[in-house]
There are 2 protein chains.
Amino acid sequence: MPSTASARPPGRPRAGVNAKVFAATLSTVHELGYARATVERIAAAAGVAKSTVYRRWPSKGALIVDCLLDAFGPAPLEGADRAEIMSSVIHWVARTIGEPGVGDAFAGVFSDAVSDPALREILSARLQDPYRLALQDALGEPEHRVLFFIDVVVGVLLHRMGMTGEPMVDSDIAALVEMVLPHFAEGPGPT
Amino acid sequence: MPSTASARPPGRPRAGVNAKVFAATLSTVHELGYARATVERIAAAAGVAKSTVYRRWPSKGALIVDCLLDAFGPAPLEGADRAEIMSSVIHWVARTIGEPGVGDAFAGVFSDAVSDPALREILSARLQDPYRLALQDALGEPEHRVLFFIDVVVGVLLHRMGMTGEPMVDSDIAALVEMVLPHFAEGPGPT
DNA sequence: CAAGTATCGAGACTCCGAGTATCGATACCT
DNA sequence: AGGTATCGATACTCGGAGTCTCGATACTTG
């Protein structure tokens, strides 16, 4: 088994349920949209019972967040300079959001978080904070600048996805890079 | 409760229902959040019956869109040059989204639209298109560039609102203006 | 003033999804 | 083989979106 099996209590172990549920979540969201992707349908697509899903995640939102975390994986932070890092991060986020189901799931859970403080906390702590901290370290930028960077990149991509139902095209992603990089260039930038 | 019989427009039984419902929508969303702001609660806050709301708007999403349209009003497009127009538009959107209830309502209906093509059509046609056309005319930019501008401005502001629950602070709005304006400056810009 | 009419208010109703609870079945570890 | 925790199935509560009916009301017109 390639995964690190830490302390495993006796009893029936967890078969590869999480991976199956993640895949089923994305495909169901992709086929039916976020609202019609009910937990019951996701569970059925994964071949597990709804109660199994709720045993592993406290809410639909938490499931989606973990699913997104799995879909994004580690951020690509290896670059020659800050511009290269930022560019590769933007392309990575755009590419991942463009994968089937990811954009819908992201926009959906993001909207749910608007009126659900508990979900907002999950979203912020489990999804945004790890990438934010890694970016602060890689770019040497203060927290508020990195938060602004994330607002710009993710906000633009999600708005396009939400308004049109389609991921952003390459030419607009290029425009996004060309707009963002000068603003974050080193030197006499704004505080 | 006292039946406040104030100004009555001509026609059959038409009271100033729309305005009362719009105000009740924003205050209810502001107090309870988007998800808890049910149509029943909004109607109660407006002093009307739920059936009255559904007689005037086909869905909760359509009500929110009309409410946002009322909250934003006409775009401020009178400026000396393109930079001034874009700057005033950005500040106007930021200021309006920062008004109580508007940001929550916007982010909420936006998220609903992700998985509801009919609502997405309403949102795009009734809210985005009029402003987009006015901006194309005022800025002399092609459609895809104005759509990108809207994606940037609205996407960033909504992402901040959704992630933090608070509107964007003035210093970050200033940073947004400083990032966007050079990209749309006239001259040897990208196609 | 009276009649006509369209909207309003109240509330019951259906539909559906989130999340909970129960219990027998099962698959893994020791 | 046996112990044990998870799994599957299923029934359940709760709440909101949207529909429908009907009596009440308020406005317009003769």
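Naming: A, B, ... by sequence-line order, numbering from 1 per chain.
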To the nearest Å, how far apart are [X] [atom1] and [N] [atom2]?
| X | N | atom1 | atom2 | answer |
| --- | --- | --- | --- | --- |
| B/Tyr54 | C/dG9 | OH | C1' | 16 Å |
| A/Lys20 | D/dC7 | NZ | P | 10 Å |
| A/Asp112 | D/dG16 | CG | P | 15 Å |
| B/Leu32 | D/dG15 | CG | C1' | 14 Å |
| A/Glu40 | D/dC12 | CD | P | 14 Å |
| B/Ile42 | C/dG9 | CD1 | P | 15 Å |

Counting the benzene-type ring for Trp, do B/His183 and B/Phe149 have ring centres under 6.0 Å apart?
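B/His183 vs B/Phe149: aromatic centres not under 6.0 Å.
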
Assign each of A/Val39 and A/Arg55 to its nearest nucleotide of DNA chain C by heavy atoms, then name whichever residue's nucleotide is nearer the 5' end.
A/Val39

Nearest-nucleotide wise, let me know which of B/Lys50 and A/Gly61 is further upstream toward the 5' end of DNA chain C.
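Result of the comparison: B/Lys50.
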
Among [options], which is the nearest nucleotide to the side chain of [X]?
| X | options | value |
| --- | --- | --- |
| B/Lys60 | D/dG18, C/dG17, C/dG9 | D/dG18 |
| A/Thr38 | C/dG17, C/dG19, D/dG8 | C/dG17 |
| A/Arg56 | C/dG17, C/dG19, D/dT6 | D/dT6 |

Cation-pi geometry met for B/Lys60 and B/Tyr54 (6.0 Å, 45°):
no

Inspect the contact between B/Arg126 and B/Glu121 and indicate whether a charged nitrogen and a carboxylate oxygen are less than 4.0 angstrom apart.
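Salt bridge between B/Glu121 and B/Arg126, a charged N being under 4.0 Å from a carboxylate O: no.
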
Which sits closer to the 5' end of DNA chain D, B/Ser51 or A/Thr52, going by the nucleotide each is nearest to?
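The residue mapped nearer the 5' terminus is A/Thr52.
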
Any donor-acceptor pair under 3.5 Å from A/Ser88 side chain to A/Ile85 backbone
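Here the side-chain-to-backbone pair exists.
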
Assign B/Arg36 to base, sugar-phosphate, or nothing according to its heavy-atom contacts below 4.0 angstrom with the strands shown.
nothing

